[in-house]
Protein chains: 2
Amino acid sequence: MTAIQGARERARREVTAAIKEEARRRLAAEGAAKLSLRAVARELGMVSSALYRYFPSRDDLLTALIVDAYDAVGEAAEAALTAVPDDAPPADRWTAVCLAVRAWALAHPHEYALIHGTPVPGYAAPRDTVGPGTRVPLALAAVAQRARLSGLLGEPAGDPPPGPVRAEAEELAAEHAPGLPGPVMAALVASWAQLIGLVGFEVFGQFNGVVVAARTEFFTHTVRRMAGDVGLR
Amino acid sequence: MTAIQGARERARREVTAAIKEEARRRLAAEGAAKLSLRAVARELGMVSSALYRYFPSRDDLLTALIVDAYDAVGEAAEAALTAVPDDAPPADRWTAVCLAVRAWALAHPHEYALIHGTPVPGYAAPRDTVGPGTRVPLALAAVAQRARLSGLLGEPAGDPPPGPVRAEAEELAAEHAPGLPGPVMAALVASWAQLIGLVGFEVFGQFNGVVVAARTEFFTHTVRRMAGDVGLR
DNA sequence: CAATAATGAGAGCAGTGCTCTTGTTCTTCT
DNA sequence: AGAAGAACAAGAGCACTGCTCTCATTATTG
């Protein structure tokens with residue numbers, strides 16, 4: 001049954017994968033704005049209407065690419081985390097994750113733009129993207145959690161967060177990063193957004209004429225300062 | 001001469017302004033991706049080809065909107081800076097600038113997306129946008145400069161930057177923010193990118209389900225920590 | 001083997017950016 | 001003042017897009 005039924009299903013999977021692959025190629029070549037279903041179909045030797053059997057609309061194709069991209073950065077971040085020993089200095093582990101995100105982004109700028117640039121289709125990010133979108137921040141949180149177990153997690157720099165922020169951070173920690181104190185969780189969320197801002201500036205060329213020569217050093221240095229800022233020793 | 005010649009020139013200015021105005025309206029309504037020259041022309045009661053007398057292409061229209069948006073955020077930041085007294089605590093002045101940027105972004109999400117989202121046209125941001133794009137970071141730098149004159153500028157948190165970063169930061173400071181030490185300048189650039197990341201997360205809905213209730217408090221708190229991080233007392 | 005569902009092909013619709021040509025109006029120079 | 005020139009608006013048209021139909025073909029199921 002799986003064999004016979006699998007024939008069509010496998011074909012479907014293969015065609016779906018081929019479409020995404022070609023779409024990614026064209027994405028890398030011309031950007032999301034100019035990604036055209038017809039061009040993808042043409043390149044694949046199929047007619048454009050056939051493509052709608054696999055993706056109900058252009059935006060759905062884009063959403064699929066977004067999900068894949070989230071998974072890819074997330075995997076890169078997690079791989080970087082497992083590549084560095086558990087008992088390494090937390091700041092090193094933190095830096096490794098950040099560098100992995102940056103490296104992936106620089107290697108796949110258009111895909112990175114897809115997930116952390118302007119939401120292309122309508123305006124709000126589709127719901128399917130919230131799950132895979134958490135892998136990077138969870139990797140960052142994992143560093144803090146491990147540091148805490150080793151007694152290498154201190155207080156975040158600066159004033160403690162005001163009540164409401166602390167309360168919400170504690171809720172968030174309870175759900176996604178058990179054990180982490182509220183202030184650390186708040187600092188962590190902020191660091192996540194800051195990391196994305198930092199990477200985005202580099203990928204989207206906003207640092208052109210500002211940081212030109214020592215980009216990797218600048219990034220590493222900044223990200224290390226962030227580690228200390230969160231409370232990692 | 002100015003009167004007669006001015007007739008056409010003024011008409012041109014007015015039509016140009018009307019086009020941009022209508023384009024901004026449609027931008028706010030449907031986003032940059034769906035901004036159509038024909039729709040703008042239609043709404044203005046003119047034929048689409050006539051619009052090309054004013055903007056050589058759709059991308060040029062977008063670029064014009066980008067420049068305007070940069071100026072608008074920049075002005076908001078500068079206005080916020082002049083609204084708070086010169087001798088106020090530097091951290092307060094810093095926070096005021098950051099809050100102004102955030103407020104503008106939340107009020108004009110699509111325009112903000114235009115300047116800090118994916119570069120829509122090709123991939124690199126047009127050259128005309130580098131000038132107006134510096135007003136926000138310069139406002140941040142101004143806070144640090146004023147703090148230095150009052151003796152309220154300390155060392156940035158964390159390790160000092162490595163040689164190349166410090167050198168490049170000093171060059172940058174010499175050109176754009178005379179008097180600022182290299183480490184502060186490096187921290188400043190990082191903070192700028194981090195601020196944009198933070199605002200972008202909120203505007204683009206990436207904080208949905210993460211930071212939900214105490215957004216303003218969270219932002220203010222984070223931005224205050226950043227001020228201390230840069231060295232502002 | 002017959003009924004059913006999935007797939008592909010093609011035509012077609014409404015919309016897009018952009019170009020070219022044609023007539024008209026304003027500006028400038030003699 | 002009148003002629004030459006530029007700026008402009010309008011329309012037709014091209015190549016392209018996303019998407020929806022209809023119709024034939026194929027594979028899967030009863």
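Residue numbering restarts at 1 for every chain, and letters A, B, ... go by the order of the sequence lines.
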**Prompt:** Is the number of heavy atoms from other residues, nucleotides or ligands within 6.0 Å of CD (A/Glu78) greater than 12?
**Reply:** yes

**Asked** Using a cut-off of 4.0 Å on non-hydrogen atoms, how would the nucleic acid contact of A/Leu61 be classed: base, sugar-phosphate, or nothing?
**Response** nothing

**Item:** Nearest-angstrom distance from the residue atom CZ of B/Arg13 to P of D/dC8
**Value:** 12 Å

**Complete:** Rounded to the nearest 0.5 Å, the CD atom of B/Glu202 sits from the CZ atom of B/Arg102 at a distance of 4.0 Å

**Request:** Give the rounded distance in Å between these two atoms: CG of B/Leu44 and C1' of D/dA9.
**Result:** 14 Å

**Request:** For B/Tyr52 and D/dA10, give me the distance from atom OH to atom C1', rounded to whole Å.
**Result:** 15 Å

**Prompt:** Is there a donor in the side chain of B/Arg58 and an acceptor in the side chain of B/Ser36, or the other way round, less than 3.5 Å apart?
**Reply:** no

**Prompt:** So, B/Ser57 versus B/Asp60: side-chain donor-acceptor pair below 3.5 Å or not?
**Reply:** yes

**Request:** Indicate yes or no: at least one non-hydrogen side-chain atom of B/Leu37 is less than 4.5 angstrom from one of B/Tyr52.
**Result:** yes

**Request:** With DNA chain D as reference, determine whether A/Arg42 or A/Pro56 sits nearer its 5' end, using the nearest nucleotide of each.
**Result:** A/Arg42

**Prompt:** Just how far, in rounded Å, is P of C/dC18 from CG of B/Leu37?
**Reply:** 6 Å

**Fill in**
The side chain to side chain donor-acceptor pair (under 3.5 Å) partners of A/Asp71 (sequence neighbours excluded) come to A/Arg135

**Message:** Using a 4.0 Å heavy-atom cut-off to protein, can you give one letter per nucleotide of nucleotides 7-14 of chain C, 5' to 3': B if the base is in contact, S if only the sugar-phosphate is, - if neither?
**Reply:** BBBB-B--

**Request:** Report the distance from atom CG of B/Leu35 to atom C1' of C/dT16, rounded to the nearest whole Å.
**Result:** 12 Å

**Message:** Using modelled atom types and a 3.5 Å cut-off, is there a donor and acceptor pairing between side-chain atoms of B/Glu168 and backbone atoms of A/Ala213?
**Reply:** yes

**Five-pair end axes of the helix from C/dC1-D/dG30 to C/dT30-D/dA1, angle between them (10°)** = 10°

**Complete:** When rounded to whole Å, the CG to C1' distance for the pair B/Asp59 and C/dC18 reads 12 Å

**Prompt:** How about B/Phe55 and B/Thr16: do any of their side-chain heavy atoms sit closer than 4.5 Å?
**Reply:** yes

**Item:** Atom-pair distance (CZ on A/Arg26; P on D/dG18), nearest Å
**Value:** 11 Å

**Message:** In whole Å, I'd like the distance from the CZ atom of A/Phe55 to the P atom of D/dT20.
**Reply:** 16 Å

**Request:** Determine, using ring centers only, whether A/Tyr112 and A/His108 are less than 6.0 Å apart.
**Result:** no

